[in-house]
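Each chain gets a letter, A, B and so on, in the order the sequences are listed, and its residues count up from 1. Computed from heavy atoms alone, side chains included, the values below leave out hydrogens, waters and symmetry copies. The shown structure was predicted, so the numbers you read here are calculated from the model rather than taken from an experiment.
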Amino acid sequence: MMGEHIMSELKLPSRSADFSEWYNELVIRAELADYAPVRGCMIVRPYGWAIWENIQQSLDRSFKATGHVNAAFPMLIPRSFIDREKSHVEGFSPELAVVTHGGGEELEEPLVVRPTSETIIGHAYSKWIQSYRDLPLLINQWNSVVRWELRTKLFLRTLEFFWQEGHTAHATLEEAETETRQMLDIYRDFAVNEAAIPVIPGRKTASERFAGADQTYSIEAMMGDGKALQSATSHNLGQNFAKAFEIRFLDQNGVLQYCWTTSWGLSTRFIGAIIMVHGDDQGLILPPRLAPHQVVIVPIYKSDEERIKVLEAARRIRSELVASGLRVVLDEREGTSPGFKFNDWEMRGVPLRIEIGPKDVAKENVVLARRDTPGKGGKSFVPQAGISEAVSGALEAVQKALYDRALNFRNANTADPKDFEDFRAAVEKGFAYSFWCGSPECERRIKEETKATTRCIPFDGPDGVGECIYCRKPASEKAYFAKAY
RNA sequence: CGGGGCGUGGCGCAGCUUGGUAGCGCGUACGGUUCGGGACCGUAAGGUCGGAGGUUCGAAUCCUCUCGCCCCGACCA
């Protein structure tokens with residue numbers, strides 16, 4: 001038996017007692033990421049990157065299915081490009097990383113490390129687009145960008161982060177709007193069906209809008225501490241960048257027109273969402289569809305004789321599961337006890353564990369343990385015959401249970417406050433869904449007084465009218481308010 | 001940028017008040033016993049104490065300056 005002080009070192013800080021510390025330590029201990037030598041930068045470790053690769057695969061498939069293609073634009077952008085779109089400059093100037101020297105010489109014009117690529121892509125689009133026949137232009141790129149943030153946290157906010165940014169150009173406002181909404185819906189579908197994270201799709205208020213956009217849409221998710229995380233965004237850029245970069249086309253009638261452009265992105269921040277929505281005191285819990293390993297097999301044995309038998313069976317089961325398309329790891333490490341392995345893989349969030357020992361070999365069954373249900377309650381005996389069906393079924397059950405749990409949690413922590421005092425209490429716990437008169441002034445005051453910001457105005461808002469939660473004037477729409485990451 | 005905390009083997013810390021040349025736990029390597037919920041014993045490797053200057057016979061410890069990181073706030077995917 002281990003002493004208590006040693007046990008406490010093995011345990012994560014409690015999620016409920018110190019959510020922030022729980023998160024920080026989990027990211028390190030699950031080997032998702034590590035701190036880099038430069039403040040605010042992050043090393044994404046292989047296990048964390050494997051999650052990102054699964055995210056990429058899923059999204060990339062959806063992008064391609066809707067006619068988008070991938071390309072790569074440069075990381076270095078002439079400083080003057082940023083200055084061309086007025087609100088874009090205002091939004092991004094404070095957080096630009098600027099390159100002033102190259103090859104030992106001071107540059108004539110400083111270069112910025114892209115904080116996002118609207119400008120350099122706008123520049124390219126102005127050359128490529130001449131006619132309505134060139135439209136729509138639908139390009140995405142997977143890359144990293146740099147924003148000089150003051151306060152950073154692994155995955156959630158780092159100086160450099162990885163993402164995809166889609167940039168499209170269209171002949172009409174309607175088409176651009178359809179595209180913007182279509183991409184948001186792809187994110188929504190991804191969050192719900194792949195990541196098992198319930199999200200609220202909606203429109204951002206002017207103050208929360210992307211610098212240079214006419215309209216920003218987002219999906220908003222509730223984290224395990226009740227705070228909101230903007231999990232993906234999609235922007236209708238109107239003609240702002242088209243005008244700044246002369247992106248024009250000749251229409252069917254021979255009239256020269258500015259294009260309508262959009263951009264949309266989802267970043268490695270989403271990994272932070274997965275951690276904060278599903279994780280528990282034991283560590284990470286990954287949704288089966290995105291888990292690098294969906295199943296871990298832990299063999300249990302004492303003697304050499306047992307070892308040979310158990311491993312033989314374990315390998316056979318692995319082969320069968322792999323053959324049915326599952327991502328499986330067999331933990332054959334020597335000198336490590338089964339109990340240690342259980343905890344180790346639980347920290348890493350593997351959704352399903354198969355335990356197989358001499359007794360199971362004799363009875364031709366295994367123990368199946370669900371990561372989302374701790375202790376004995378999540379364990380069951382399953383025959384080795386037909387194991388892949390049982391495992392697939394269990395993975396689907398975990399996927400669904402994670403979503404249901406997250407949704408229940410969000411519902412339980414979302415309030416429709418009667419008055420502003422109620423509202424204050426609500427945003428300490430989670431989301432407040434309230435009528436809002438639409439004035440930036442009320443929005444600003446609410447933020448000052450409660451730290452809660454408007455997250456979004458959901459698309460499926462109420463039909464009726466009500467009173468603004470702050471000023472009590474008539475209001476026609478409801479917004480979600482919350483403290484946000 | 002304001003407030004707080006911390007820099008000592010890979011990790012977590014003690015030692016500092018009252019200077020005497022560095023210690024504990026974990027981890028690592030090797031050997032053995034173990035193995036159905038974080039095993040144990042033995043042996044070993046590993047640190048010029050964040051950096052620079054100063055005081056002193058002597059500095060992890062005292063003084064000055066610096067650098068970095070983490071947490072909380074103001075800005076942000």
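- The partner of B:C35 cannot be assigned: no Watson-Crick or G-U wobble pair with both contacts below 3.5 Å exists in any strand.
- Across every strand in view, B:A74 sits unpaired, with no contact that passes the Watson-Crick or G-U test at under 3.5 angstrom.
- Considering only side-chain N and O atoms, A:Arg151 lies under 4.0 angstrom from the phosphate OP1 or OP2 of B:G73.
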Show the distances under 3.5 angstrom between N or O atoms of the protein and N or O atoms of nucleotides 4-11 of chain B.
none

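- Look at CD on A:Glu305: it is 16 Å from C1' on B:C35, rounded to the nearest Å.
- Residue contacts shown for A:Gln230 are limited to sugar-phosphate atoms, with no base heavy atom under 4.0 Å away.
- Nucleotides B:C16 and B:C63 are separated by 14 Å at their P atoms, to the nearest Å.
- For B:U56, there is no paired nucleotide, since no Watson-Crick or G-U wobble pair has both relevant distances below 3.5 Å.
- Within the 4.0 angstrom heavy-atom criterion, only backbone atoms of the sugar-phosphate kind lie near A:Tyr35; the bases stay farther away.
- Taking the C1' atom of each, B:U56 and B:U64 are spaced 16 Å apart, rounded to whole Å.
- Under 3.5 Å, the side chains of A:Ser303 and A:Glu305 contain no donor-acceptor pair of N or O atoms.
- Contact annotation: A:Lys451 side-chain N/O to B:A74 OP1/OP2 distance is under 4.0 Å.
- Rounded to the nearest Å, the gap between the P atom of B:C6 and that of B:A14 is 9 Å.
- B:C24 and B:G47 are spaced 15 Å apart, taking the P atom of each and rounding to whole Å.
- Along RNA chain B, the nucleotide nearest A:Tyr485 and the nucleotide nearest A:Phe340 are compared for position; the residue whose nucleotide lies closer to the 5' end is A:Phe340.
- The phosphate of B:C70 (OP1 or OP2) has no side-chain N or O of A:Asn24 nearer than 4.0 angstrom.
- Interface remark: the A:Asp360 side chain does form a donor-acceptor pair with the B:G36 base, using a distance-only criterion of under 3.5 Å.
- Within the 4.0 angstrom heavy-atom criterion, base atoms lie near A:Glu346.
- Residue A:Ser337 has its side chain nearest to B:A39 when only B:C70, B:A39, B:G37 are considered.
- In this structure, B:C49 forms no base pair with any nucleotide, since neither Watson-Crick nor G-U wobble geometry is met with both distances under 3.5 Å.
- Nucleotide B:A44 has B:U28 as its partner under the Watson-Crick or G-U criteria, with both atom distances under 3.5 Å.
- B:G9 is unpaired under the criterion used here, namely a Watson-Crick or G-U wobble arrangement in which both key atom distances are under 3.5 Å.
- Rounded to a whole angstrom, the distance from the C1' atom of B:A59 to that of B:U8 is 14 Å.
- In this structure, A:Arg353 satisfies the cation-pi test against A:Phe342, with its NZ or CZ atom closer than 6.0 Å to the six-membered ring centre and inside 45 degrees of the ring normal.
- Across B:C35 and B:A45, the matching P atoms stand 31 Å from one another, rounded to whole Å.
- Taking atom P on both nucleotides, B:A52 is separated from B:A44 by 33 Å, rounded to a whole Å.
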